[in-house]
Amino acid sequence: SSPSSSPSPSTTTSPTPTPTTRLASMLPPLADNARRVYILRHGQTDWNLEGRMQGGGFDIELNENGRQQARMVSKELAGIPIGVIASSHLKRANETANIVLREQQQQQLKLQQAAKRVVLEEFGEMRFGNLEGMIIRGLQLTDKTKQIMMDMDAVELDITARYPGGGESTEEVETRARRGLQKILNDYPDEKHLAIVAHGRTNKILLASLVYNDALRCREIPQGNTCINVVDQDQHGKW
């Protein structure tokens, strides 16, 4: 797993009696009255391995490597006192989040704390319409698929354009993902550390919206399986 950058905080926060991990030691102290959100992508699936587009229309579960990735990232997050673990409703994100939750529970039992578990469809993967189920990379990529993907480049340059065949637009995914984020922030106002386990494109869109205020810049953000993205919200609500 590889954390991305978070806004530069100021001042310090009180020490937390949790194990020190590489991630925890890399992050700056959380500023006074700020909140930190850890946005993760789910572990690997067989479709990821095949280069096949999943999207929001296919509920594919983790493979064994994906479960191992989830266990590894859960150990990394054990150094952080996460109060809320939210996820997409899709199996690959849901199972990843549950593995993270189990590790948090083991740590928090010692501290008499309990992480809250939330499942929201707002964090589901983008629906890619006709592209879903197709192999989009690797040796099995066909000329027909290449042409379809070229034709769809225009969709990624227009925030309101939907993927043909029942897909979503970038704007629609941005709206629902931000709605889900705001819901957990509102529902758990006293929690300083919150985690979201979601999907590649959904994460990219949400991060681009928060960090750049431009969801179309989502293609600039890489999202490997079980990567960790860290963003802080200051006391004024700015990311």
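Note that the structure is a prediction, hence the values are computed from the model and not measured. Nothing fancy with the numbering, it's 1 onward along the sequence.
A donor-acceptor contact under 3.5 angstrom links the side chains of Arg117 and Ser87, judged on distance only. There is a side-chain donor-acceptor pair under 3.5 Å between Arg71 and Gln68.
In this structure a side-chain-to-backbone donor-acceptor pair under 3.5 Å is missing from Ser209 to Ile205. Side chain of Thr21 to backbone of Glu76: a donor-acceptor contact under 3.5 angstrom is found. Side-chain atoms of Gln233 do not come within 3.5 Å of backbone N or O of Arg35 as any donor-acceptor pair. Between the Glu125 side chain and the Thr202 main chain, a donor and an acceptor come within less than 3.5 Å of each other. The main-chain N or O of Gln223 is found under 3.5 Å from a side-chain atom of Arg41 such that the two form a donor-acceptor pair. Side-chain N or O atoms of Thr226 include none that pairs as donor or acceptor with a backbone N or O of Gly43 at under 3.5 Å. Under a 3.5 Å cut-off, the side chain of Arg67 and the backbone N or O of Glu95 do not form any donor-acceptor pair. Listed for the Gln44 side chain is no donor-acceptor partner under 3.5 Å among the backbone atoms of Asn63. Judged by distance alone, with hydrogens and angles left aside, the side-chain atoms of Gln104 form a donor-acceptor pair with the main-chain N or O of Ile80 at under 3.5 Å. Between the side chain of Asn48 and the backbone N or O of Thr45, at least one donor-acceptor pair lies under 3.5 Å.
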(request) Please step through side chain to side chain contact (heavy atoms under 4.5 Å, CB included) for the pair Leu40 and Leu77, ending with a clear verdict. (result) CA-CA 11 Å; Leu40 287 69; Leu77 290 168; 3.6 Å; yes
(message) With side chain to side chain contact (heavy atoms under 4.5 Å, CB included) as the criterion, how do Asn225 and His42 come out once you've worked through the C-alpha distance, each side chain's angles and the decisive distance to 0.1 Å?
(response) CA-CA 6 Å; Asn225 289 116; His42 60 79; 3.8 Å; yes
(request) Walk me through it: do Asp187 and Lys116 pass the test side chain to side chain contact (heavy atoms under 4.5 Å, CB included)? (result) CA-CA 11 Å; Asp187 288 352; Lys116 292 82 173 176; over 6 Å; no
(message) Between Leu210 and Val37, does the side chain to side chain contact (heavy atoms under 4.5 Å, CB included) criterion hold? Intermediate values first, please.
(response) CA-CA 11 Å; Leu210 295 175; Val37 180; over 6 Å; no
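The distance from atom CZ of Arg22 to atom CG of Leu27, rounded to the nearest 0.5 Å, is 10.5 Å. The structure places CG of Asn229 at 6.0 Å from CG of Asn203, a figure rounded to the nearest 0.5 Å. Here the CZ atom belonging to Arg178 is positioned 7.0 Å from the CG atom belonging to Leu181, to the nearest 0.5 angstrom. Between Glu220 atom CD and Tyr212 atom OH the span is 5.5 Å, to the nearest 0.5 Å. Here the straight-line distance linking atom CG of Leu194 with atom OH of Tyr188 works out to 9.5 Å at 0.5 Å rounding. Expressed to the nearest 0.5 Å, how far CD1 of Ile159 lies from CG of Leu216 amounts to 4.5 Å.
Counting all heavy atoms, side chain and backbone alike, Leu120 lies closest to Val118 at CG-CG1, 3.8 Å. Between Thr170 and Ala215, the shortest heavy-atom distance links the atoms CG2-CB, 3.8 Å. Across every non-hydrogen atom of Ala115 and Ile85, the tightest pair is CB-CD1, 4.3 Å. Here the closest heavy-atom approach between residue Ser88 and residue Ala93 is recorded as CB-CB, 3.7 Å. Between Glu132 and Gly56, the shortest heavy-atom contact is OE2-N, 3.2 Å. Residues Arg201 and Tyr163 share a closest heavy-atom pair of NH1-OH, 3.1 Å.
Val119 and Leu206 are members of different hydrophobic clusters when ILVMFWY side chains are connected at heavy-atom separations under 4.5 Å. Cluster annotation: Phe58 and Leu62 are assigned to distinct hydrophobic clusters (Ile/Leu/Val/Met/Phe/Trp/Tyr, side-chain heavy-atom contacts under 4.5 Å, transitive). If you chain together hydrophobic residues whose side chains sit under 4.5 Å apart, Trp47 and Leu90 never meet in one group. Linking ILVMFWY residues whenever their side-chain heavy atoms come closer than 4.5 Å, directly or via other members, places Leu185 and Ile39 in the same cluster. In this structure, Ile196 is a member of the same hydrophobic cluster as Ile221, with clusters built from ILVMFWY side-chain heavy atoms closer than 4.5 Å.
Annotation: side chain of Leu131 is in contact with side chain of Ile136 (closest heavy-atom distance under 4.5 Å). Here the side chains of Glu103 and Lys75 are in contact, with some heavy-atom distance below 4.5 Å. Side-chain atoms of Arg176 and Glu168, non-hydrogen and from C-beta on, do get closer than 4.5 Å to each other.
Between His193 and Tyr38, the two ring planes are parallel [angle under 30°; tilted spans 30° to 60°].
Tested against Val197, the residues Val73, Thr96, Ile99 include a single side-chain contact (heavy atoms from CB on, under 4.5 Å) partner, Thr96.
The existence of a salt bridge linking Arg127 and Glu172 is excluded, since no basic side-chain nitrogen approaches an acidic carboxylate oxygen closer than 4.0 Å. A salt bridge between Glu156 and Arg219 is present, with a side-chain N of the basic residue lying under 4.0 Å from a carboxylate O of the acidic one.
Heavy-atom neighbours of Asn213 CG from other residues, nucleotides or ligands within 6.0 Å: at or below the threshold of 12. Within a 6.0 Å radius of CD in Glu121, other residues, nucleotides and ligands contribute 12 heavy atoms or fewer.
Contacts classified as ring-ring contact (aromatic ring centres under 6.0 Å, His included) and involving residues 63-86 (residues at least two apart or in different chains) are not found.
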